[in-house]
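Worksheet for the structure shown next.
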Amino acid sequence: KMDMREASMENFQQAKRDYPKSTIIPYVDLGIMRVDYRDDASNLVYDQFSLLNKPEVSDSLKYHAYYLMGQTYFKQKNYQQAAQLFSQIPETHPEYVYAQHSLAIVHIFQLSMEEATNSLGACIEAKAETDAQKEVINRSYVMLGYIFYEQMALSKAVTALRMVPKSSYYYNDALLGLCWAGLRARQWNDCITMGEAIQKSSNQLPLQCDGALIEGYAYMMQKNYDRAFDILQNAQKKTQVMKPPSPDTLELARNGYRTNRKSYAELAQAADKISGELQSSFIVKIGSASSRERD
């Protein structure tokens, strides 16, 4: 979970060499599959999926593998097989929330909007226990709201988008959707309120400008031209400073990423070395107890 992939893989492989007949091996195979997936090694992911799809592997582990394999198929634009795997993950499994959300995206790519809506609904109705699961549900609310917006079901769109809390990463996306829904419904006061809100809450210039555009347009429709002009002029000034990253900036970011990955690997190697040289607190405690008994 610390994303120290090289050290993880070395330990997983060593476990397979040292304990080839152990009951831990399917768990090890799942760990290897996760690392391969993070490394975007599709062929290796498929090899691990084959190992985890054997009859003796527990259903719970299989469903984790189904999700990773489904995501791999999705990256390859093999939507039919991705959907087949996502749909097999049961409601009681921890991956169910993510699988239903991913299934909805597959349906959207296939332009099957009714099926996408059903999958998003299933995701929203699922029991969320972790923060990550709750965020996937928030993202599903946003996507559902945008689908309803495109279908002109504005009241449903507003209801879905308002379900996203301020604490969510997707809150600003929900605000933007509410802005456009208000615009389409000609609710100018709502446009102004939501436009102001998105400019205050977002630190992303494109979103700020979107909010300003809608707010300014709403004032224009109310014939408050001076206010509209000021808002749109300030937004225009912001757009003038927005520039795409240069090739040098992108390469600098890549170098920084590579440096971080190297640091992770070095830290993992040091941790591995310490764990192999020092006794665990449990072993030390047992040894101390045995020493006292001999005394």
Side-chain angles (χ1 to χ4, degrees), residues 1-5 30-31 33-35 37-40 45 60-61 63-75 79 82-83 85-109 113 115-150 153 156-181 194 197-208 210-211 257 260 264:
K1 291 186 177 181
M2 297 172 70
D3 204 25
M4 298 176 178
R5 302 174 199 170
L30 179 61
M33 188 178 184
R34 290 186 188 278
V35 176
Y37 174 76
R38 292 297 300 273
D39 286 338
D40 205 22
V45 169
S60 179
L61 290 180
Y63 294 138
H64 283 292
Y66 282 7
Y67 177 73
L68 293 174
M69 194 67 236
Q71 290 289 3
T72 301
Y73 280 137
F74 178 77
K75 289 181 181 180
Y79 300 132
L85 290 174
F86 290 144
S87 61
Q88 292 185 58
I89 299 175
E91 187 176 355
T92 55
H93 196 270
E95 300 284 14
Y96 176 77
V97 176
Y98 310 107
Q100 287 298 312
H101 184 84
S102 298
L103 184 59
I105 296 175
V106 170
H107 288 317
I108 290 172
F109 271 80
M113 305 313 291
E115 288 84 353
T117 300
N118 291 336
S119 295
L120 290 171
C123 178
I124 289 168
E125 292 173 0
K127 183 179 180 181
E129 297 181 350
T130 67
D131 290 340
Q133 289 173 334
K134 293 174 183 177
E135 275 295 73
V136 170
I137 289 176
N138 289 332
R139 190 169 189 261
S140 294
Y141 274 123
V142 171
M143 292 182 66
L144 194 60
Y146 276 68
I147 289 174
F148 286 142
Y149 172 84
E150 294 294 336
K156 290 183 178 181
V158 170
T159 299
L161 293 168
R162 284 180 175 171
M163 294 300 294
V164 182
K166 289 183 178 181
S167 58
S168 172
Y169 174 83
Y170 300 103
Y171 176 67
N172 290 321
D173 296 306
L175 277 182
L176 184 61
L178 289 170
C179 282
W180 287 108
M194 295 300 173
I198 199 170
Q199 291 173 79
K200 291 178 181 178
S201 65
S202 176
N203 57 4
Q204 300 179 34
L205 284 179
L207 277 177
Q208 292 176 9
D210 277 335
Y257 175 78
N260 287 338
Y264 269 49

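Scope of the values below: all heavy atoms of this structure, side chains included, with no hydrogens, waters or symmetry mates.
- Checked against salt bridge (Lys or Arg N to Asp or Glu O under 4.0 Å), R5 has the following partners two or more places apart in sequence or in another chain: D3, D39.
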Identify all side-chain donor-acceptor contacts of residues 121-132 below 3.5 Å with residues at least two apart in sequence or on another chain.
from, atom 1, to, atom 2, distance (Å)
T130, OG1, Q133, N, 3.1

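- Remark: aromatic rings of F74 and F109 are close, center separation under 6.0 Å.
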Given the rule in the side chain to side chain contact (heavy atoms under 4.5 Å, CB included) test, do M143 and I105 qualify, once you have shown the distances and angles that lead to the verdict?
CA-CA 9 Å; M143 292 182 66; I105 296 175; 3.8 Å; yes
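- The structure places CD of Q199 at 11.0 Å from CG of L205, a figure rounded to the nearest 0.5 Å.
- Taken to the nearest 0.5 Å, the OH atom of Y63 stands 7.5 Å off from the CD atom of Q88.
- Heavy atoms only, all atoms of each residue included: L161 and G177 are closest at CD1-C, 3.5 Å.
- For the atom pair Y146 OH and W180 CH2, the distance stands at 9.5 Å (nearest 0.5 Å).
- Contact of the Y37 side chain with the K75 side chain is registered, since non-hydrogen atoms from C-beta on lie closer than 4.5 Å.
- Judged purely by atom type and a 3.5 angstrom limit, H93 uses its side chain to pair as donor or acceptor with the backbone of S60.
- Rounded to the nearest 0.5 angstrom, M69 CE and Q71 CD are separated by 11.0 Å.
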Which is it for D210 and C179 under the side chain to side chain contact (heavy atoms under 4.5 Å, CB included) test, yes or no, and what are the steps along the way?
CA-CA 9 Å; D210 277 335; C179 282; over 6 Å; no
Verdict with supporting geometry, L178 and I198, side chain to side chain contact (heavy atoms under 4.5 Å, CB included)
CA-CA 10 Å; L178 289 170; I198 199 170; over 6 Å; no
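- Side-chain contact of N118 with E115: a donor-acceptor pair under 3.5 Å is absent, judged by distance alone.
- Atom CE of M33 and atom CG of L68 lie 5.0 Å apart (nearest 0.5 Å).
- Ring pair Y98/Y67 is tilted by interplanar angle, where 30° to 60° counts as tilted.
- The minimum heavy-atom distance between Y264 and M2, with the atom names listed, is CE2-O, 3.0 Å.
- A distance of 11.5 Å separates OG in S168 from OH in Y141, rounded to the nearest 0.5 Å.
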I'd like to know whether L120 forms a side chain to side chain contact (heavy atoms under 4.5 Å, CB included) with Q100, so could you lay out the CA-CA distance, the side-chain angles of the two residues, the decisive distance to 0.1 Å, and finally the verdict.
CA-CA 7 Å; L120 290 171; Q100 287 298 312; over 6 Å; no
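- The shortest heavy-atom contact between V158 and A181 is CG2-CB, 4.0 Å.
- Listed here is the closest heavy atom pair of T117 and L144: CG2-CD1, 3.6 Å.
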